[in-house]
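Below is one structure, written out as structure tokens; the observations come after it.
Because only heavy atoms are used, hydrogens play no part in the values below, and waters and symmetry mates are left out as well, while side chains stay in.
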Amino acid sequence: MTSSTAAPIVSGAGINFSFGVGELRKQILFDVEFAIQPGEVVLLMGPSGSGKTTLLTLIAGLRTLQAGQLNVLGHSLAGASRAELLALRRKIGFIFQAHNLLPYLTALQNVQMMFDLHPEVSPAEGRERAVRILEQVGLGERMLYYISKLSGGQRQRVAVARALVCNPEIVLADEPTAALDGASGREVVNLLQSLAREHQRPILMVTHDARVVDIADRIITMQDGRLINDLQATENLTRMSGIHA
Amino acid sequence: MSQRIPLAWLQLRHEKMKLFAAVSGVMVSVVLMWMQLGLLQALFASAIEFHGAVNGELVVIHGQYEYLLRNQPFSSRLLHRILGSPAVQEVYPIYTQPLEWKNPWTGQLRTIQCYGIDTDKPAINLPQLAQQLSLLQHTDAFLYDRKARPGYGPVLEEFARGVTIEPEINRRKMTLVGLTNLGASFGVDGNIIVSHANFLRLVSERTAGHIDFGVIRLKPGADVNELQAQFQAILGTEVDILTRAEFCERELEYWRRATPIGIVFTTGTFVGFFIGFIVVYQILYTDVTTHLPHFATMKAMGFTDGYLFRMVLTQSIHLAFLGFVPGTLIAGLLYTGLRSATLLPLQLEFSRGLFLLAATILMCTISGTLALRKLRTADPADVF
Ligand SMILES: Nc1ncnc2c1ncn2[C@@H]1O[C@H](COP(=O)(O)OP(=O)(O)OP(=O)(O)O)[C@@H](O)[C@H]1O
Ligand SMILES: [Mg+2]
């Protein structure tokens with residue numbers, strides 16, 4: 001699945017990051033180095049507070065890089081302008097822990113509104129694509145429901161549809177299954193994986209959910225702000241099953 | 001663009017109560033502004049109803065003219081000096097004087113403004129006046145003001161029933177022969193119109209040779225401003241010669257100076273503006289606050305600050321229109337009610353409507369712009 005010959009789609013080296021200033025300054029990330037290849041599904045795991053979300057927001061261009069090199073989808077984030085970060089974010093599909101859908105819109109409108117970021121897509125085509133992807137995530141019948149009328153799993157499926165409808169070049173997800181029960185979580189992850197595979201989209205997903213590790217091509221583990229291992233999924237699974245055995 | 005999701009509107013109408021409150025706030029503000037400006041304008045307009053109706057391009061008045069009720073007559077011989085000018089079509093002398101009207105039903109005395117005019121030439125441009133001029137030629141005949149305030153007695157009702165109305169005016173029995181419209185104003189509760197001859201009979205202290213106004217009607221195509229300067233030179237400094245607009249302006253100037261109504265009603269208008277501003281600001285601000293996580297999400301996904309600003313400003317403009325339309329309708333109803341109660345010439349004027357619409361949009365966009373400051377606190381890094 002992984003093509004090690006192509007240039008990585010995300011690559012970082014020497015990333016250090018701290019919150020706060022002066023006395024209160026607290027370093028969160030230490031000399032992080034990693035890469036994601038095109039089409040790869042990568043899980044980012046590790047204990048709470050280890051810096052996973054912080055790393056994800058750096059990759060997404062939501063925080064300013066303080067030290068090191070970070071290249072995402074061809075953008076060098078060291079010293080990048082606001083406009084460049086914005087352009088980068090438009091190429092990313094985001095999935096949040098809480099669905100973060102707009103409550104005053106229907107499921108369809110929530111997906112359709114993403115085309116306001118892509119004026120080159122006509123409104124008619126935007127609608128058509130939104131309808132199609134909602135059908136793919138199994139919400140063809142509920143497209144015109146407001147978010148409050150959908151279950152947690154259905155909401156997260158709308159969020160998946162919203163993240164993918166504009167064909168992002170990478171999907172970043174932070175614990176997308178945390179608020180869901182096992183079955184719904186599984187369903188959402190499967191959808192995400194199959195949609196991403198279909199379009200050869202890489203996924204970087206932070207998760208605590210050991211039940212979904214099987215979708216990963218690779219698992220990166222963080223501890224105290226450092227990457228402690230970066231393993232091909234097969235080795236990792238063996239290791240994990242070894243632990244759980 | 002038309003088929004894209006109208007996010008601003010959908011977000012605005014999501015909470016019906018809040019939308020209702022905001023629209024009501026704008027509406028109240030619009031009604032207040034209409035009322036204040038309308039009353040101000042109507043009060044001023046009523047003060048110059050006579051001035052605006054004089055049937056000529058130029059008016060000669062005494063140099064010391066202050067306002068309608070404080071005036072000095074001037075010699076009508078002055079007017080002869082310009083009668084010969086080829087540009088002059090006609091000159092109409094007008095007398096005016098406040099008189100005492102004795103209410104025929106109650107015997108109460110009340111001041112009424114009397115105008116004495118030529119009966120062969122319509123010196124004042126009022127509907128139906130020209131047809132009734134011949135009636136005024138009868139001794140002691142007068143026309144009564146349909147828009148007079150109550151207090152002179154049930155004149156209109158009784159006259160309509162065919163009753164002969166013969167009140168004592170300045171202790172002289174007069175006969176009502178017809179109706180006209182001049183309207184009440186600050187200083188005047190009602191008017192009557194009589195002939196020159198009857199005027200002089202009514203007001204013994206006045207003489208034929210001294211008039212209050214000389215209305216000059218020019219031949220078509222005459223250059224008003226040039227003739228004004230020319231005549232002023234001929235007439236000398238005892239009198240002023242004004243265009244009709246200047247004549248109105250002279251009267252308004254007095255009322256602006258003499259009464260605080262300009263300030264009162266302008267302040268009232270600002271209060272209306274401010275109320276709307278506060279309500280819209282409050283509501284947009286809480287709205288932005290409640291939707292802050294959604295705005296942060298949109299920012300994270302790549303929506304620009306400009307896009308979100310436009311969303312909030314679009315909402316302001318929606319509120320402006322949603323409040324303006326019913327506010328204007330309510331103001332229209334109130335105008336109708338007040339018009340019959342006060343006889344003030346209240347009108348929903350189109351130009352004032354445009355002005356108020358602009359003020360409403362301004363009010364809402366200022367509120368929106370201030371509420372936008374809250375939007376800056378939406379940090380997209382907080383969404384994960
Ligand atoms: N905005 C912030 N300001 C200051 N410190 C922060 C901020 N956000 C996170 N931190 C701190 O940074 C550290 C790493 O946080 P981060 O959210 O990256 O952890 P995480 O690995 O995602 O944890 P979890 O699995 O619980 O989500 C934590 O100690 C946290 O307290
Ligand atoms: Mg986290």
Side chains of B/Thr314 and B/Trp9: donor-acceptor distance under 3.5 Å anywhere?
no
Looking at A/Arg127, A/Glu175, A/Arg162, which makes the most heavy-atom pairs under 4.5 Å with chain B?
A/Arg162
Scored by heavy-atom pairs under 4.5 Å with chain B, the best of A/Leu102, A/Val206, A/Asn100 is A/Asn100
Which label fits B/Tyr285 and B/Tyr281: parallel for a plane angle under 30°, tilted from 30 to 60°, or perpendicular past 60°?
tilted
Taking the inter-plane angle between the rings of A/Tyr104 and B/His294 on a 0 to 90° scale, is it parallel (under 30°), tilted (30 to 60°) or perpendicular (over 60°)?
perpendicular
Using only non-hydrogen atoms and a strict under-4.5 angstrom cutoff, which residues of residues 365-384 of chain B touch chain A?
B/Pro380, B/Ala381, B/Val383, B/Phe384
Report the distance from atom CZ of A/Arg155 to atom CD1 of A/Ile147, rounding to the nearest 0.5 Å.
7.5 Å
Examine whether an atom of A/Leu105 lies under 4.5 Å from a heavy atom of chain B, and if so say whether it belongs to the side chain, the backbone or both; otherwise answer neither.
side chain
With a 4.5 Å heavy-atom cut-off, do A/Gln97 and A/Pro176 have their side chains touching?
no
Please flag which part of A/Leu101 lies under 4.5 Å from any non-hydrogen atom of chain B: side chain, backbone, both or neither.
backbone
Option in A/Thr54, A/Leu117, A/Leu172, A/Leu86 with maximal non-hydrogen atom pairs under 4.5 Å from chain B:
A/Leu117
A/His118 versus chain B, heavy atoms under 4.5 Å apart: side chain, backbone, both or neither?
backbone
Interchain contact, A/Pro168 with chain B, by part (heavy-atom threshold 4.5 Å)
neither
Taking the inter-plane angle between the rings of A/Phe19 and A/Phe17 on a 0 to 90° scale, is it parallel (under 30°), tilted (30 to 60°) or perpendicular (over 60°)?
perpendicular
Under a 4.5 Å heavy-atom cut-off, does chain B meet the side chain of A/Ile95, its backbone, both or neither?
backbone
Just checking, any donor-acceptor pair under 3.5 angstrom between side chains of A/Gln154 and A/Ser151?
yes
Write out all pairs satisfying salt bridge (Lys or Arg N to Asp or Glu O under 4.0 Å) with one or both partners inside residues 13-31 of chain B, taking only residues at least two apart or from two chains.
B/Glu15-B/Lys18, B/Lys18-B/Asp287
Under a 4.5 Å heavy-atom cut-off, does chain B meet the side chain of A/Phe115, its backbone, both or neither?
both
Electrostatic pair B/Glu249-B/Arg256, nearest N-O below 4.0 angstrom:
yes
Carboxylate-amine/guanidinium contact A/Arg218 A/Glu40, below 4.0 Å
yes
